[in-house]
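Below: one structure, written as structure tokens.
All of these numbers come straight from a predicted model, not from anything done at the bench.
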Amino acid sequence: MGTLTRNWLMAATLGLLVACGGGGGGERAAGVEPGPPPSGGDVTPPPPIIPEPNPAPYAEQEVLLATITDVSLNASNQAVVDFQLTNDQGTAILDLEVANVRFTIAKLQGSELGNLTGNWQSYINRIESAGSVGPGTQDKLQATYERNEEGLANNNDGTYTYTYATDITNLDADILAQAEQEDLDLGYEPDRTHRVAIQFDGAPGKANPFYDWVPATGATSGIFTMDIAATANCNSCHDPLAIHGGGRREIQYCVTCHNTGSTDANSANTVDMKVMIHKIHAGANLPSVQAGG
């Protein structure tokens, strides 16, 4: 092959190489996508999507888990209650309103029979007037609850703080006068066991948490208390115990109102728990009933 022929073939070959790699042909065949970027490149993945927890609207909850975590008295001698509220899945309930709760507070009075006995006495009371329903003719003191419209603080995490309107060292003069007439002592006794309890309304689920403590020391254990009956014993028949519309289910809550300081003015009968439930359950055997009373 001559020199001229060899030069012509080399030139043709170079021309073909330039045509294959030049700008007109692109960097890849049509329809082929580029591969992943090389390792070590500055490629930041998007942040993970964390779902918001499902809301737990109070009015829809079949189960309420309520716990009182602390109680103290402020400078105005009003009880300040910290509590938390979730459903049975542990999801915080964030929309509780003051219209959904009732608060009671009582002290455990001493007894002539000794320290291991006693009676609960509510600090929150009303006067019931005797009417024409029964034989009662005298007005009587009855324990009740309070619902301070300005007292509930929502911490927006399933915890709440409630401040009572009642100053337990400075009760209403008419209430104190009625108590004196009935020989009832409503005086503040800081060295005795006190109980705060809550009733929840407006939801299918019910709860009656309570908290016992001694204001003088802040002690919550190793203190005297008084259990009239065990709720579990009541529930062996009632399953569950559900009084006054179904929202009162724990004996420890019931006795903060149903104690010796409460009387039904119309019948003149005490509504003290230990007397009332005995008469209800064993009434047919009471001597007064057997005698025709």
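We find the OG1-CZ distance between Thr144 and Arg126 to be 6.0 Å, quoted to the nearest 0.5 Å. Taking CD of Glu128 as the start and CD of Gln178 as the end, the distance is 11.0 Å to the nearest 0.5 Å. Residue Asp82 holds its CG atom at 8.5 Å from OG1 of Thr163, rounded to the nearest 0.5 Å. One distance of note links CG of Leu64 with CG of Asn87; it measures 8.5 Å at 0.5 Å rounding. The distance from the CD1 atom of Ile124 to the SG atom of Cys257 is 8.0 Å, given to the nearest 0.5 Å. Note that the CG atom of Asp88 and the CD atom of Gln61 stand 7.5 Å from one another [nearest 0.5 Å].
Ring geometry for Tyr188 against His194 counts as perpendicular: the plane angle is over 60°, on a 0 to 90° scale with 30° as the lower cut. Between Tyr162 and Tyr164, the ring planes lie perpendicular to each other; the angle is over 60°, past the 30° to 60° tilted range. A parallel orientation is assigned to the rings of Phe83 and Tyr160, their planes being inclined by less than 30° (bins at 30° and 60°).
Remark: the backbone N or O of Ala79 is not paired with any side-chain donor or acceptor of Asn74 at under 3.5 angstrom. In this structure, the side chain of Arg195 does not engage the main chain of Thr225 through any donor-acceptor pair within 3.5 Å. Looking only at distances, a side-chain donor or acceptor of Asp95 sits under 3.5 Å from a matching main-chain atom of Tyr58. Checking side-chain atoms of Gln252 against main-chain N and O of Phe210 turns up no donor-acceptor pair under 3.5 Å. Here the side chain of Gln109 pairs a donor or acceptor atom with the backbone of Asp185 at under 3.5 angstrom. Not a single donor-acceptor pair under 3.5 Å links the side chain of Glu189 to the backbone N or O of Lys107. Arg147 contributes a side-chain N or O that, together with a main-chain N or O of Val101, makes up a donor-acceptor pair within less than 3.5 Å. Judged by distance alone, with hydrogens and angles left aside, the side-chain atoms of Gln142 form a donor-acceptor pair with the main-chain N or O of Thr263 at under 3.5 Å.
In terms of heavy-atom proximity, Ala265 sits nearest to Gln138 at CB-O, 3.6 Å. The minimum heavy-atom distance between Asp139 and Ala130, with the atom names listed, is OD1-N, 3.2 Å. Considering every non-hydrogen atom in both Ala59 and Pro204, the closest pair reads O-CD, 3.3 Å. For the residue pair Arg192 and Pro215, the shortest heavy atom distance occurs at O-CD, 3.5 Å. Between Gly158 and Leu94, the shortest heavy-atom distance links the atoms N-CD2, 3.4 Å.
Clustering ILVMFWY residues whenever any of their side-chain heavy atoms sit less than 4.5 angstrom apart, transitively, puts Leu73 in the very cluster that holds Leu171. Hydrophobic clustering of Ile, Leu, Val, Met, Phe, Trp and Tyr side chains at less than 4.5 Å, counting indirect connections, unites Leu176 with Tyr123. Residues Phe200 and Val98 share a single hydrophobic cluster, defined by chaining ILVMFWY side chains whose heavy atoms lie under 4.5 Å apart.
The shortest distance between side-chain heavy atoms of Pro209 and Thr67 does not fall below 4.5 Å. Put simply, the side chain of Asp70 does not reach to within 4.5 Å of the side chain of Trp213, judged on heavy atoms. Within the 4.5 Å cutoff, the side chain of Leu108 has no heavy atoms near those of the Ile223 side chain. No side-chain heavy atom of Asn119 sits under 4.5 Å from any side-chain heavy atom of Asn259.
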(message) With side chain to side chain contact (heavy atoms under 4.5 Å, CB included) as the criterion, how do Ile105 and Phe103 come out once you've worked through the C-alpha distance, each side chain's angles and the decisive distance to 0.1 Å?
(response) CA-CA 7 Å; Ile105 182 170; Phe103 294 83; over 6 Å; no

(request) Would you sort out whether Asn125 and Leu184 count as a side chain to side chain contact (heavy atoms under 4.5 Å, CB included), showing the intermediate values? (result) CA-CA 12 Å; Asn125 300 275; Leu184 298 172; over 6 Å; no

(request) Take Val214 and Thr193 through the side chain to side chain contact (heavy atoms under 4.5 Å, CB included) test and state the conclusion after the steps. (result) CA-CA 5 Å; Val214 177; Thr193 300; 4.1 Å; yes

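Inspection of the Asp201 and Gln199 side chains reveals an N or O donor paired with an N or O acceptor under 3.5 Å.
In summary, of the residues considered (Thr161, Asn155, Asn156), a side-chain hydrogen bond (donor to acceptor under 3.5 Å, both in side chains) with Thr159 occurs for Asn155 alone. Here the options are Asp212, Thr256, Val71, the test is side-chain contact (heavy atoms from CB on, under 4.5 Å), and the partner is Val196; only Val71 passes.
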